[in-house]
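Structure below; questions to follow.
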Amino acid sequence: MSIRCTGFRLLTMGVLACQPGSAGTPGNPELQNYLSEYARNYQRLTYASQLAEWQSNTHIIEGDSTNAVRTRQANQALARYVGSNENIARIRGYLKEREKLTAPEVRQLEMMLYFAADKPQSAADIVAQRIAAEAAQTEKLYGFQFRLNGKPVSANAIDESLRVSRKLPARLAAWQASKEVGPALKPGILRLRDLRNRVVGALGYPDYFGYQVSDYGISSEEMLRLTDDLNRYLRPLYRELHTWARYELATRYNVPVPEQLPAHWLPNRWGQDWAALVEVKGLDVNGALARHSAEWVMKQGEEFYRSIGFDSLPASFWEKSSLYPIPDNSPYKKNTHASAWHLDLDRDVRSLMSVEPNREWYETVHHELGHVYYYMSYSRPDVPLVLRQGANRAYHEGIGSMMGLASLQRRFLAGRKLVAANAKVDSVAQLLQEALAYVVFIPFAAGTMTRFEHALYAERLPAERFNQKWWELTRKYQGIVPPGPRDERWSDALTKTHINDDPAQYYDYALSYALLFQLHDHVARKILKQDPHDTDYYGNREVGDFLKRLMEPGATRPWRDVLRETTGRELDGKAMVAYFEPLYLWLQEQNRGRKATLPEL
């Protein structure tokens with residue numbers, strides 16, 4: 001299971017205002033006219049911005065600044081409108097008399113003010129500099145040519161080497177190659193840290209991390225407590241997984257058991273997903289998919305959603321998306337990180353992937369299409385356009401990840417003829433493989449990434465301590481250490497896509513996993529009447545109806561209310577812990593007599 005915490009293009013910086021009459025009974029015609037005018041202007045500028053961003057991410061030519069210039073100009077035009085002093089003044093003026101407004105009107109205006117804080121024209125020069133710096137950083141990040149053993153190589157090839165190689169020298173070479181991009185990104189992130197903090201400071205936010213967290217209605221300190229609590233809740237299970245991995249991998253590589261896990265021993269560049277350490281007997285998904293094409297994998301994803309009651313993807317999705325790898329010798333590059341895009345907040349939905357017929361991309365396709373179908377679900381006339389986004393940011397990831405989990409369960413795969421219907425599957429190994437994806441991810445997302453970005457923005461982490469801080473956090477939360485000295489010549493944190501172009505919100509993904517298991521538990525037990533470890537959503541229209549009840553409201557209603565009404569409970573981590581309880585007991589037995597060395601939190 002590939003839990004990459006996909007960086008979907010939700011466009012959280014801006015969504016459209018409502019159409020006339022869509023925000024409840026209009027009590028103020030002037031406000032309704034303003035919202036309609038805002039919608040028309042914003043849609044035009046947003047679409048232009050996203051089209052430019054799409055081109056910058058799908059057609060990157062080293063040394064050619066054409067895309068960067070076009071993207072910067074489009075984003076600056078959008079910023080001038082969204083963050084205009086006039087808009088900010090009008091929004092604040094209406095909110096001063098909120099008692100005269102309907103609840104949907106207040107929600108929209110508050111959302112618009114939040115968007116404005118990201119691009120305030122009271123700091124126009126800083127906003128323009130930030131837009132230019134972000135475009136340049138994207139070009140550097142995705143235009144970088146990785147090289148392995150002196151030869152050009154793709155990110156996919158590096159990832160494949162880390163997944164399958166059993167030779168430590170080869171693994172070390174691949175891991176080191178994956179980090180070569182970091183130093184080139186450091187000057188840009190230092191500039192962006194300063195610009196992002198200054199931009200949101202213009203409307204009173206303490207720093208960019210605090211601005212992003214405020215979308216949840218809580219402070220940075222509350223978010224850090226929340227993520228630390230999630231880490232502590234799952235720590236006993238993660239400690240058993242960490243101990244198991246140290247001993248098993250030491251045996252595999254015929255070396256002494258280390259105190260902490262060397263980073264290059266693991267099948268992921270950042271140690272966020274260890275699922276490839278385990279092969280599940282009777283569940284050879286890679287072998288089955290090798291007989292098919294990447295195009296078949298994509299069509300399977302669409303058929304799954306259609307089977308539970310969703311519409312076919314629009315023809316424009318297939319025409320305009322960038323779904324497959326480009327050749328290593330292509331004259332241009334593209335962003336290799338999977339993402340889903342909602343360009344006009346209406347029907348222009350796309351995905352950016354590099355699909356290949358393997359287990360990781362099979363899960364990724366189902367995950368990314370979850371975002372696309374979420375976009376399509378709330379893109380309807382009775383949802384005010386300014387509220388066309390997830391109930392909160394974690395909802396998008398939670399639903400996408402749930403569909404990824406469902407797509408790799410034995411019963412589902414048997415129904416798709418990717419495993420034999422009577423296949424005898426090692427259920428413990430399957431549960432272990434899932435834990436090595438989902439549980440292992442929590443210390444990285446809720447610990448290493450969240451704490452590093454808090455240090456970066458809120459604590460103004462000095463440039464000369466970037467790598468030191470990154471590896472301190474990696475050891476503390478994940479129990480992972482570098483394969484050798486990594487001084488400040490390197491910037492290993494910056495090799496993670498999100499720190500550059502989806503900043504200060506990685507905790508979304510951690511919180512989404514608690515949501516994922518809560519939703520999956522409800523579907524399995526209450527709708528399918530199946531074991532949560534062995535489900536098949538395919539063809540069940542009641543599952544589709546449940547998802548639509550979650551997805552169709554967008555952000556029109558408080559997310560907690562939607563969750564209570566659909567699952568009957570508050571968000572917590574209990575379902576996740578319960579799901580892996582049989583594995584926890586098995587790991588304790590396997591680790592009997594072994595020394596646990598995972599640092600305490």
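Just so it is clear, the values below take in all heavy atoms, side chains as well, and ignore hydrogens, waters and symmetry mates.
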Tell me yes or no: between the side chains of Thr535 and Gln409, is some donor less than 3.5 Å from an acceptor? yes
Using 4.0 Å as the upper bound for N to carboxylate O, is an ion pair formed by Arg269 and Asp492? no
Any donor-acceptor N/O pair, Tyr395 side chain to Trp559 backbone, under 3.5 Å: yes
Is the NZ or CZ atom of Arg451 positioned over Tyr477's six-membered ring, under 6.0 angstrom from the centre and within 45° of the axis? no
Kindly indicate, with the supporting measurements, whether the criterion side chain to side chain donor-acceptor pair (under 3.5 Å) is fulfilled by Tyr114 and Glu110. CA-CA 6 Å; Tyr114 176 78; Glu110 289 181 337; over 6 Å; no
Counting only heavy atoms not in Arg306, do more than 12 sit closer than 6.0 Å to its CZ atom? no
If you take all heavy atoms of Leu345 and Arg388, which pair is closest and at what distance? O-NH1, 3.2 Å
Looking at the rings of Phe412 and Phe304, which for Trp means the six-membered one, are their centres under 6.0 Å apart? yes
Check each of Asp284, Asp531, Asp426, Asp534 against Arg410 using the salt bridge (Lys or Arg N to Asp or Glu O under 4.0 Å) test, and report the only one that passes. Asp534
Are Tyr579 and Tyr438 an aromatic pair, judged by ring center distance below 6.0 Å? no
How long is the straight-line distance from NE2 of His520 back to CE of Met576, given to the nearest 0.5 Å? 12.0 Å
Considering only NZ, NE, NH1 and NH2 on the basic side and carboxylate oxygens on the acidic side, decide whether Lys574 and Glu581 come within less than 4.0 Å. no
Can you say whether the rings of Tyr375 and His396 are parallel (under 30°), tilted (30 to 60°) or perpendicular (over 60°)? tilted
Below 6.0 angstrom between ring centroids: does that apply to Phe209 and Tyr507? yes
Nearest non-hydrogen partners of Met551 and Ile399, listed with the distance: CG-CD1, 3.7 Å
Looking at residues at least two apart in the chain, or sitting in another chain, which of them share a side-chain hydrogen bond (donor to acceptor under 3.5 Å, both in side chains) with His454? Glu459
Between Tyr457 and Tyr211, ring centroids under 6.0 Å: no
How close do Ser351 and Glu368 get, heavy atom to heavy atom, and via which atoms? OG-CB, 4.1 Å
Between Pro357 and Leu289, the two heavy atoms sitting closest are CB-O, 3.3 Å
Ion pair present between Arg225 and Asp228, side-chain N to carboxylate O less than 4.0 angstrom? no
Looking only at side-chain N and O atoms, does Gln300 offer a donor or acceptor that is under 3.5 Å from a partner on Arg416? no
Between Lys334 and Ser322, does a side chain to side chain contact (heavy atoms under 4.5 Å, CB included) hold up when you go through it step by step? CA-CA 9 Å; Lys334 74 173 189 178; Ser322 178; 2.9 Å; yes
For Asp311, is there any backbone N or O sitting under 3.5 Å from a side-chain donor or acceptor partner on Tyr373? yes
Around atom CD of Glu279, are there more than 12 heavy atoms from other residues, nucleotides or ligands closer than 6.0 Å? no
